[in-house]
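The structure under discussion appears below in the form of structure tokens.
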Amino acid sequence: MNVTEKEIAHYRAQVPHLYSEPLRVRLQRAAVWIGIVGLFIYCLIVFDFSPARIMTGVERFGRVLGFMFPPYVWTSWFEFAPILEGLLETLAIAFLGTVLGAVIAFPLSFLGAKNINRIPFLRHTTRRGYDVIRAFETLILALIFIRAFGLGPLPGILAMAVSEIGTFAKLFSEAIENTSEKPVDGVKASGGSRFQTVRFGVMPQVSPVIISILLYNFESNVRSGTILGIVGAGGIGFLLSDRISAYKWDEAWSIIFLIIIMVYIIDWLSAKIRKKIIGEFGDTK
């Protein structure tokens, strides 16, 4: 049925709120946008985000890039050995920090899962504990542990592990909560105990998710591990900071290039492992 413009105008006059938003809603939306734009402009002014400063920074950055090329090539094993050792140390820090964090976070995640922990007070307290741990940045934890344990990779491992406890526990508990109840009911119907319902009803569902989370966070920790070295927590970051402080930009660029290669290789291997493991879990369904 065709509706004429006259009929549309008639309906618009009868029920205007169906054809246009109320004035209150439009004013609220306008106020939100004005607030966002005003805050953005205020931040630009306060932080001196001026075109002149940007141009000056771009020119300086161009000079730094000029110092980086051509990259430095190590001509002897005596020169390259500390670099390789720093890369392997960063890799070890990320691996140990990820594993330690996951080992501690895994049992804690069950306390924060609604379908496992039926005690509201204990569950909410555990979840708030996750938030408290995640509130501390890894770099801050590294500075604290350096004061306690001294320089070296140990503070970096501990800082990364503590930071990952809160992250892993939260992500694991959410994965556990999102599992289906049908396999759990099946285990219960066959006479399974509480532990068996978790082992055979919940874990097969969350294992692929947990493995994916572990692999992704390991990749991320390899990248963030280079930052920990800058503050003295071991790894290649210490050597990178040393080269930058000495204005050896060609060596700094070569180290950055090696870090990029290492991260790329880890990302490629993680994708292969993730695909193989998750594929095997999928084949069992």
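- Within a 6.0 Å sphere centred on CZ of Phe40, other residues, nucleotides and ligands contribute 12 heavy atoms or fewer.
- The side-chain heavy atoms of Thr126 and Arg123, taken from C-beta on, include no pair separated by under 4.5 Å.
- The cluster map of Ile, Leu, Val, Met, Phe, Trp and Tyr, joined by side-chain heavy atoms under 4.5 Å apart, puts Trp249 and Val58 in different clusters.
- Val73 is not listed as a side-chain neighbour of Phe80, based on a closest heavy-atom distance of 4.5 Å or more.
- Across every non-hydrogen atom of Thr98 and Leu214, the tightest pair is CG2-O, 4.1 Å.
- Under a hydrophobic clustering in which Ile, Leu, Val, Met, Phe, Trp and Tyr are joined whenever their side-chain heavy atoms come within less than 4.5 Å, directly or via other members, Val209 and Tyr130 fall into different clusters.
- Residues Gln205 and Pro183 meet the side-chain proximity criterion, which asks for heavy atoms closer than 4.5 Å.
- Ring geometry for Phe106 versus Phe110: interplanar angle over 60°, hence perpendicular rather than tilted (30 to 60°).
- Between Ile45 and Tyr42, the closest side-chain pair of non-hydrogen atoms is not below 4.5 Å.
- In this structure, Arg147 and Ile144 have side chains that are not in contact, with every pair of non-hydrogen atoms separated by 4.5 Å or more.
- Side-chain atoms of Thr125 come within 3.5 Å of backbone N or O of Phe121 as a donor-acceptor pair.
- Test Ile210, Val202, Asn117, Leu171 against Ile176 for side chain to side chain contact (heavy atoms under 4.5 Å, CB included) and you get one pass: Val202.
- Atom CZ of Phe95 sits in a sparse spot, with 12 or fewer heavy atoms from other residues, nucleotides or ligands closer than 6.0 Å.
- Annotation: side chain of Met262 is in contact with side chain of Ile266 (closest heavy-atom distance under 4.5 Å).
- Other residues, nucleotides and ligands contribute at most 12 non-hydrogen atoms within 6.0 Å of the CZ atom of Phe238.
- For the atom pair CG of Leu258 and OG1 of Thr226, the computed distance is 12.5 Å after rounding to the nearest 0.5 Å.
- The main-chain N or O of Tyr72 is never found under 3.5 Å from a side-chain atom of Asp250 such that the two would form a donor-acceptor pair.
- Distance CD1/Ile104 to CD1/Ile133: 9.0 Å, rounded to 0.5 Å.
- Contact record, Ala105 with Ile165: CB-O, 3.5 Å, taken as the closest heavy-atom pair.
- In this structure, CD1 on Ile260 lies 11.5 Å from CZ on Arg223, to the nearest 0.5 angstrom.
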Intermediate values then yes/no, side-chain contact (heavy atoms from CB on, under 4.5 Å), Ile83 and Arg243: CA-CA 11 Å; Ile83 306 299; Arg243 299 304 188 274; 4.0 Å; yes

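- Remark: the Ser109 side chain and the Ser173 side chain contain no N/O donor-acceptor pair separated by less than 3.5 Å.
- For the atom pair Glu89 CD and Leu228 CG, the distance stands at 11.0 Å (nearest 0.5 Å).
- Across all their heavy atoms, Ala252 and Leu240 have their closest contact at O-CD1, 3.7 Å.
- Rounding to the nearest 0.5 Å places CG of Asn221 at 8.5 Å from OG1 of Thr167.
- Neither Leu158 nor Ile140 shares a network with the other; the hydrophobic side chains, linked directly or stepwise wherever heavy atoms of I, L, V, M, F, W or Y lie under 4.5 Å apart, form separate groups for each.
- Looking at Val162 and Phe145, their side chains come closer than 4.5 Å, going by heavy atoms from C-beta outward.
- A continuous path of hydrophobic side-chain contacts links Ile244 to Tyr247 [ILVMFWY only; heavy atoms under 4.5 Å].
- Electrostatic pairing of Glu177 and Arg127 counts as a salt bridge here, judged by a charged N lying under 4.0 Å from a carboxylate O.
- Between the side chain of Asp48 and the main chain of Arg53, no donor-acceptor pair closer than 3.5 Å is present.
- In this structure, Ser224 contributes its side chain and Ser220 its backbone to a donor-acceptor pair below 3.5 Å.
- Across Asn217 and Glu164, no two heavy atoms sit closer than the pair ND2-OE1, 2.9 Å.
- Under a hydrophobic-cluster definition in which Ile, Leu, Val, Met, Phe, Trp and Tyr are linked whenever side-chain heavy atoms come within less than 4.5 Å, directly or via other members, Val103 and Leu100 are assigned to the same cluster.
- Scanning both residues, Gly232 and Ile146, for their nearest heavy atoms gives C-CD1, 3.8 Å.
- More than 12 heavy-atom neighbours from other residues, nucleotides or ligands sit within 6.0 angstrom of CZ on Phe69.
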Could you walk me through whether Leu269 and Tyr264 pass the side-chain contact (heavy atoms from CB on, under 4.5 Å) check? CA-CA 9 Å; Leu269 289 175; Tyr264 174 79; over 6 Å; no

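- In this structure, CD1 on Ile54 lies 4.0 Å from CZ on Phe49, to the nearest 0.5 angstrom.
- Ser254 places a side-chain heavy atom less than 4.5 Å from the side chain of Trp74.
- Thr197 contributes no side-chain N or O that, together with a main-chain N or O of Lys188, makes up a donor-acceptor pair within less than 3.5 Å.
- Shown here for Glu219 and Ser270, the closest heavy-atom pair between the two residues is OE2-CB, 2.8 Å.
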